[in-house]
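Below, chain A is the first sequence line, B the second, and so on; all start at residue 1. Just so it is clear, the structure is predicted and the values come from calculations on it, not from any experiment.
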2 protein chains.
Amino acid sequence: MSSKRSVKPRKLPQQERSRITVEAILEATAHILTEKGYDKTNTNLIAQRAGVSIGSLYQYFPNKKSLIVALREQHSQEIAELLESKFNHLFNSPPEIAIPELVKAVIAIHAINPRLHQVLSEEIPRSERSQQQMQKTDEQITELLRAYLLRWRDRLRPQNIEMTIFIINCTVESLCHSAVIEHPQFIRDSKFEQEVSNLLISYLVR
Amino acid sequence: MSSKRSVKPRKLPQQERSRITVEAILEATAHILTEKGYDKTNTNLIAQRAGVSIGSLYQYFPNKKSLIVALREQHSQEIAELLESKFNHLFNSPPEIAIPELVKAVIAIHAINPRLHQVLSEEIPRSERSQQQMQKTDEQITELLRAYLLRWRDRLRPQNIEMTIFIINCTVESLCHSAVIEHPQFIRDSKFEQEVSNLLISYLVR
DNA sequence: TGGCAATACAAGTAATTACTCATATTATTA
DNA sequence: TAATAATATGAGTAATTACTTGTATTGCCA
């Protein structure tokens, strides 16, 4: 069962040179994924690009899946941290103020490396994803949203908080993701973030 | 270049028995994809499930990609037709009436075979997708939406029609898709479709 | 009924690729 | 400085799988 195969590093780097090796491997993974897309990416190519032998790669990553998982982890952690700091800043700001700021932040995140973001979220087969880890980050963001919505509950129209969380989360994510990839011209001015903010605010606020 | 490889059937079935073969192959493709997911699907398995030799399969489908493309084509055609008939019925109904009907229809479509829908839209590598064909169906739906929005233009708040089309399309698709897969309990009553309709109506209508 | 075209068959091939292992090199420590 | 641990190497292996090809069977038509 591939789902049983561990994804944890086989060996933790202890000396400086191996930490450099691991870094190079992850950088190469991101680079090859971005350049070639998932299905033209293979471990030999990654090792080559990293300037490292294939054997070294398998010393630190037990299988191909673990490379992807490590990269995703890095990536989602960055996103979660940025959103956390935004929510902390905006916790006491009403939706009319907070929503546009959050939408702006999400668009900015997606615009950093759209192609890598696309590959990680669209092209990686489900079987290559570590369910627990993904859900952890997702739950973290859900929790931030939940706290914020409860804080402003009496200003909000929808009453089913869990459903509202899902709707907001899903809508913002998919709109920002697709816009960056399919309509980059939308992103150039602030019109798009205003529209998305309008969509959410007019739904949320009484 | 895999993108150059034709995807058109190598041979068109002429007798009844071969038409049955082709049907069985497509049914088997859908079945295996649904059961095993994309990356555990292979052509030998499809042929076996279809009760047909691997040679017969390659007589009608020049490569694996063409199987997926044929299946997607069938699938998107069904969706486009259903939406077209809905839009025709509702062309002269105001958004407050039309939107809930359309949302309901989209949810219903996604609920028919959620797993197949998920595999086709999430798991199939981008390289296995025929770009032209996908965009044709997508453009067809865009066109229906455009005509409707123009018809009711003076009742609408957003002025940038192209951006509005994108926002509506993307929002409805992703909400219905994700809800069916991640929150089937939302679908059981009509609360979810009401909420999604509210989201859109409060944004669209002055 | 015989000949031809359409269809069906499945063993086999060739290419890809994740991953191993025996060995060599470099750093650390006692 | 010698011994040991950590790290690096890359040729080779084994498994998978898309696809070919030569042959057999079935249906159609004159």
Side-chain angles (χ1 to χ4, degrees), chain A residues 1-26 28-29 32-33 36-71 124-125 127-128, chain B residues 1-26 28-29 32-33 36-71 124-125 127-128:
Chain A
M1 279 271 110
S2 67
S3 57
K4 280 266 172 72
R5 276 252 281 298
S6 172
V7 109
K8 274 180 287 189
R10 165 172 296 186
K11 198 181 271 190
L12 289 175
Q14 298 190 296
Q15 302 174 2
E16 184 59 19
R17 58 178 170 156
S18 58
R19 240 164 281 134
I20 290 169
T21 299
V22 168
E23 250 328 292
I25 292 169
L26 284 176
T29 306
I32 302 283
L33 281 176
K36 307 241 175 192
Y38 175 76
D39 57 331
K40 293 200 156 74
T41 293
N42 66 61
T43 51
N44 294 286
L45 199 55
I46 291 173
Q48 190 189 334
R49 157 85 198 185
V52 144
S53 77
I54 184 66
S56 292
L57 188 153
Y58 279 96
Q59 208 140 64
Y60 301 101
F61 298 93
N63 47 53
K64 190 185 176 184
K65 180 177 176 178
S66 64
L67 284 168
I68 310 281
V69 168
L71 201 61
I124 309 288
S127 62
E128 305 281 299
Chain B
M1 279 276 105
S2 67
S3 58
K4 279 269 172 68
R5 278 252 280 297
S6 173
V7 111
K8 276 181 285 191
R10 165 171 298 183
K11 197 182 270 188
L12 288 176
Q14 297 189 298
Q15 301 175 4
E16 183 60 17
R17 57 179 171 153
S18 57
R19 239 165 282 135
I20 290 170
T21 299
V22 168
E23 249 329 291
I25 292 170
L26 284 177
T29 306
I32 302 283
L33 281 176
K36 306 241 174 195
Y38 175 75
D39 56 332
K40 295 200 153 79
T41 294
N42 65 62
T43 50
N44 293 286
L45 198 58
I46 291 173
Q48 190 189 334
R49 157 86 198 184
V52 145
S53 75
I54 185 64
S56 292
L57 188 152
Y58 279 95
Q59 207 139 66
Y60 301 102
F61 298 92
N63 48 52
K64 191 185 174 184
K65 180 177 177 175
S66 64
L67 284 168
I68 310 282
V69 168
L71 200 61
I124 309 288
S127 61
E128 304 282 299

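- In this structure, B/Y58 atom OH and D/dC19 atom P are separated by 4 Å, rounded to whole Å.
- One finds the OG1 atom of A/T21 at 10.5 Å from the CD atom of A/E23 (value rounded to the nearest 0.5 Å).
- Nucleotide C/dA18 holds its P atom 4 Å from the NZ atom of A/K64, rounded to whole Å.
- Rounding to the nearest 0.5 Å gives a distance of 11.5 Å between CG of B/L57 and NZ of B/K64.
- In this structure, A/I68 CD1 and A/L33 CG are separated by 5.0 Å, a value rounded to the nearest 0.5 Å.
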Checklist entry - Step by step, would you call A/V69 with A/F61 a side chain to side chain contact (heavy atoms under 4.5 Å, CB included)? => result CA-CA 10 Å; A/V69 168; A/F61 298 93; over 6 Å; no
Next on the checklist: How would you summarise protein contacts on nucleotides 2-12 of chain D per nucleotide, using B for base, S for sugar-phosphate only and - for none, with heavy-atom distances below 4.0 Å?
Outcome noted: ----BBBBBB-
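- At whole-Å resolution of the value, CG in A/N63 and P in D/dA15 are 17 Å apart.
- Note: CG (A/D39) to C1' (D/dT17) measures 15 Å, nearest angstrom.
- With sequence neighbours left out, the side-chain contact (heavy atoms from CB on, under 4.5 Å) criterion links B/K36 to B/I32, B/K40, B/T41, B/L45.
- With rounding to whole Å, B/N42 atom CG is found 11 Å from D/dC19 atom P.
- Between the CD atom of B/Q48 and the C1' atom of C/dA11 there is a distance of 15 Å, rounded to whole Å.
- For A/Q15, the side chain to side chain donor-acceptor pair (under 3.5 Å) test picks out A/R17, with sequence neighbours left out.
- As a whole-Å value, the separation of B/I32 CD1 from D/dA18 P is 12 Å.
- Summarising the geometry, the separation between CD1 on B/I20 and P on C/dA8 is reported as 9 Å, rounded to the nearest angstrom.
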